Chemist: 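If you scroll down you'll find the structure; I have some questions about it.
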There are 2 protein chains.
Amino acid sequence: MSSKAEEPRPYHHGDLRRGLVAAAERILEREGPNALSLRAVAREAGVSAAAPYHHFKDKDELLAAVAHQGFERLADAMAQASDSVENPYQRINALGVAYVCFARDNRALYHLMYDSSRRENFRAEPRKPDEGPGSVTRKALTTAVGEHADPLQLELRQVAGWCMTHGLAEMEASREFDDLKARLGGDKAFYGAVLAQLMPPGPK
Amino acid sequence: MSSKAEEPRPYHHGDLRRGLVAAAERILEREGPNALSLRAVAREAGVSAAAPYHHFKDKDELLAAVAHQGFERLADAMAQASDSVENPYQRINALGVAYVCFARDNRALYHLMYDSSRRENFRAEPRKPDEGPGSVTRKALTTAVGEHADPLQLELRQVAGWCMTHGLAEMEASREFDDLKARLGGDKAFYGAVLAQLMPPGPK
DNA sequence: CGTGCTATCTAAGCGCTGTACAGATTGGAC
DNA sequence: GTCCAATCTGTACAGCGCTTAGATAGCACG
């Protein structure tokens with residue numbers, strides 16, 4: 001039937017697994033989370049609606065793969081932010097700002113990531129140990145507060161910072177803060193100022 | 001047909017709007033968020049699948065009503081926690097702990113509340129002014145830090161606390177903190193210790 | 001007491017969804 | 001060159017959100 005040169009896609013896709021994840025990301029960005037149906041993803045990838053089931057147990061597992069890739073990109077963004085700042089105190093703050101910026105610039109993906117991570121069977125293994133978002137922050141925090149710190153307090157401080165950053169990322173889109181953002185001179189200044197409440201840009 | 005005494009529910013329900021919200025909450029608690037379909041809610045309330053559309057524009061509007069009721073219950077819980085503590089510093093901490101406990105004890109409802117509040121047309125008007133969760137915290141915070149505070153810093157501090165509390169509520173369920181919880185002697189102690197990083201139980 | 005009016009509810013149906021299953025197609029190992 | 005296992009298609013099913021047309025009933029007004 002398709003003897004014409006109309007994109008003679010082979011019966012076997014080649015790397016459909018990756019293709020499906022990419023298709024899902026495209027739909028998410030283009031049409032939002034409500035349009036992200038398994039059938040739509042299959043259509044976008046150019047395969048039948050049943051094809052995904054040979055690569056993913058169910059829809060959730062596909063979404064988990066998308067989320068996983070999102071976490072890798074987030075880790076990259078944070079690593080880059082970390083490298084660009086010398087001062088360990090400022091570095092922690094910059095890590096938080098990078099995190100929130102990622103959430104702002106990838107809203108739908110970010111929500112998907114946290115919806116997926118809530119499911120009990122989700123595993124967010126970083127590619128190499130000490131490379132996930134958690135590890136980067138822990139390292140920076142240890143460097144900043146360093147030797148003379150109670151390890152329990154340090155751990156609590158890290159959890160607190162983690163919570164605050166995640167909370168800020170979730171609420172960032174709220175109109176409620178528009179006024180405050182304007183007064184502080186932009187989104188990033190706002191993020192930094194909020195995070196500075198816990199992670200001041202200098203020795204406490 | 002139903003001349004027997006088999007629950008002769010009248011053709012007109014009486015207060016179906018409230019009945020549907022209650023039915024939705026029951027399903028949410030009993031079967032989780034995946035089972036919360038509009039049809040299931042209608043079944044639970046004992047009406048046809050189309051009946052809800054005479055009281056809610058669409059499914060989202062029903063869920064928003066459930067969320068709204070959730071926010072009222074949350075505000076109640078926080079008000080109660082606020083009243084039970086005299087010291088204004090400890091009060092802020094107690095408010096946060098109450099918030100996180102609510103999220104822990106009403107996981108599905110809590111997620112629904114924040115999913116709903118993300119939608120642009122959501123309006124979370126408290127029943128009376130100065131009674132929503134935000135107002136209670138603001139009041140407590142003003143009392144605690146009081147007169148001699150830069151109003152901008154106070155606002156930032158409130159936003160930061162709000163973010164940290166919400167973030168903690170979202171991450172509380174993670175197994176990652178089990179160890180820390182155990183070392184601190186329970187969930188509430190853990191919540192308090194984390195929140196204390198920003199809201200210490202005494203003058204800073 | 002009857003007669004409408006309007007709000008409320010039902011029944012049927014449309015297009016979509018996630019998922020299961022049997023069979024077609026194919027690349028690679030032997 | 002043959003066969004196998006992996007991959008993909010076609011078809012089907014039940015359930016979903018939502019629409020429409022019509023049945024029912026409470027209520028105001030004569």
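This structure is a prediction, so every number in the text was calculated from the model and none was measured. Here is the naming used below: chain letters follow the sequence lines, and residue numbers restart at 1 for every chain.
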Chemist: So, OP1 or OP2 of dT10(C): does either fall under 4.0 Å of a side-chain N or O from His54(B)?
Modeler: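 It does not, given that no N or O in the side chain of His54(B) lies less than 4.0 Å from OP1 or OP2 of dT10(C).
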
Chemist: Write down the distance between CG (Leu16(B)) and C1' (dC9(C)), rounded to a whole number of angstrom.
Modeler: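 For the pair Leu16(B) CG and dC9(C) C1', the rounded distance is 9 Å.
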
Chemist: How many Å lie between NZ on Lys59(B) and P on dC16(C), as a whole number?
Modeler: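 Answer to the nearest Å: 18 Å.
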
Chemist: OH of Tyr53(B) versus P of dT19(D): gap in Å, rounded?
Modeler: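 After rounding, the reported distance stands at 7 Å.
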
Chemist: Can you name the closest pair of heavy atoms from Leu20(B) and Leu62(B) and give their distance?
Modeler: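 Taking Leu20(B) first and Leu62(B) second, the nearest heavy atoms are O-CD2, 4.3 Å.
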
Chemist: Rounded to whole angstroms, how far apart are NZ on Lys57(A) and P on dA20(C)?
Modeler: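 Taking NZ of Lys57(A) and P of dA20(C), I get 9 Å after rounding.
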
Chemist: Rounded to the Å, how far apart are Glu61(A) CD and dG18(C) C1'?
Modeler: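 Checked: the CD to C1' distance equals 14 Å.
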
Chemist: Can you sort out which residues in residues 25-39 of chain A have a heavy atom within less than 4.0 Å of DNA chain D? Ascending by number, please.
Modeler: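 Contacts with DNA chain D under 4.0 Å: Arg39(A).
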
Chemist: According to a strict under-4.0 Å criterion, is His55(A) in side-chain N/O contact with OP1 or OP2 of dA6(D)?
Modeler: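 For His55(A), the contact criterion (side-chain N or O under 4.0 Å from OP1 or OP2 of dA6(D)) is not met.
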
Chemist: May I ask you to verify if any side-chain N or O of Arg17(B) is less than 4.0 angstrom from the OP1 or OP2 atom of dC9(C)?
Modeler: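 Checking dC9(C) against Arg17(B), no side-chain N or O comes under 4.0 Å of OP1 or OP2.
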
Chemist: In whole Å, I'd like the distance from the CG atom of Asp58(A) to the P atom of dC21(C).
Modeler: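 These atoms are roughly 15 Å apart.
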
Chemist: Write down the distance between CZ (Phe56(B)) and C1' (dT8(C)), rounded to a whole number of angstrom.
Modeler: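 The distance from CZ of Phe56(B) to C1' of dT8(C) comes to 14 Å, rounded to the nearest Å.
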
Chemist: Nearest-nucleotide wise, let me know which of Arg43(A) and Ser48(B) is further upstream toward the 5' end of DNA chain C.
Modeler: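 Nearest-nucleotide comparison on DNA chain C picks Ser48(B).
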
Chemist: For residues Tyr110(A) and His166(A), determine if any side-chain heavy atom of one lies less than 4.5 Å from a side-chain heavy atom of the other.
Modeler: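 Yes, at least one pair of side-chain atoms sits under 4.5 Å.
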
Chemist: Between Arg73(A) and Asp76(A), does any NZ, NE, NH1 or NH2 come within less than 4.0 Å of an OD or OE carboxylate oxygen?
Modeler: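 Result for this pair is no, no salt bridge flagged.
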
Chemist: Over the length of the helix from dC1(C)-dG30(D) to dC30(C)-dG1(D), how much do the five-pair end axes diverge, rounded to 10 degrees?
Modeler: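 Helix axis angle between the two ends: 10°.
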
Chemist: Can you check whether Val41(B) reaches Val21(B) side chain to side chain, under 4.5 Å on heavy atoms?
Modeler: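 Val41(B) does not reach Val21(B) side chain to side chain.
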
Chemist: Is any side-chain heavy atom of Leu184(B) closer than 4.5 Å to a side-chain heavy atom of Leu152(A)?
Modeler: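 Yes - at least one pair of side-chain heavy atoms lies under 4.5 Å apart.
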
Chemist: Considering only heavy atoms from C-beta outward, does the side chain of Leu63(A) approach that of Leu36(A) to under 4.5 Å?
Modeler: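 With C-beta onward as the side chain, the pair touches.
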
Chemist: Going by heavy atoms in the side chains, are Leu16(B) and His54(B) under 4.5 Å from each other?
Modeler: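 Result no, sub-4.5 Å side-chain heavy-atom pair not found.
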
Chemist: What do the steps show when you test Arg183(B) against Phe190(B) for side chain to side chain contact (heavy atoms under 4.5 Å, CB included), and what is the final call?
Modeler: CA-CA 9 Å; Arg183(B) 261 184 288 158; Phe190(B) 169 67; over 6 Å; no

Chemist: Between Lys181(A) and Glu172(A), does any NZ, NE, NH1 or NH2 come within less than 4.0 Å of an OD or OE carboxylate oxygen?
Modeler: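 Yes, charged N to carboxylate O under 4.0 Å.
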
Chemist: Let me know, please, whether Asp15(A) or Ala50(B) comes out on the 5' side of the other along DNA chain D by nearest nucleotide.
Modeler: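 Result: Asp15(A).
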
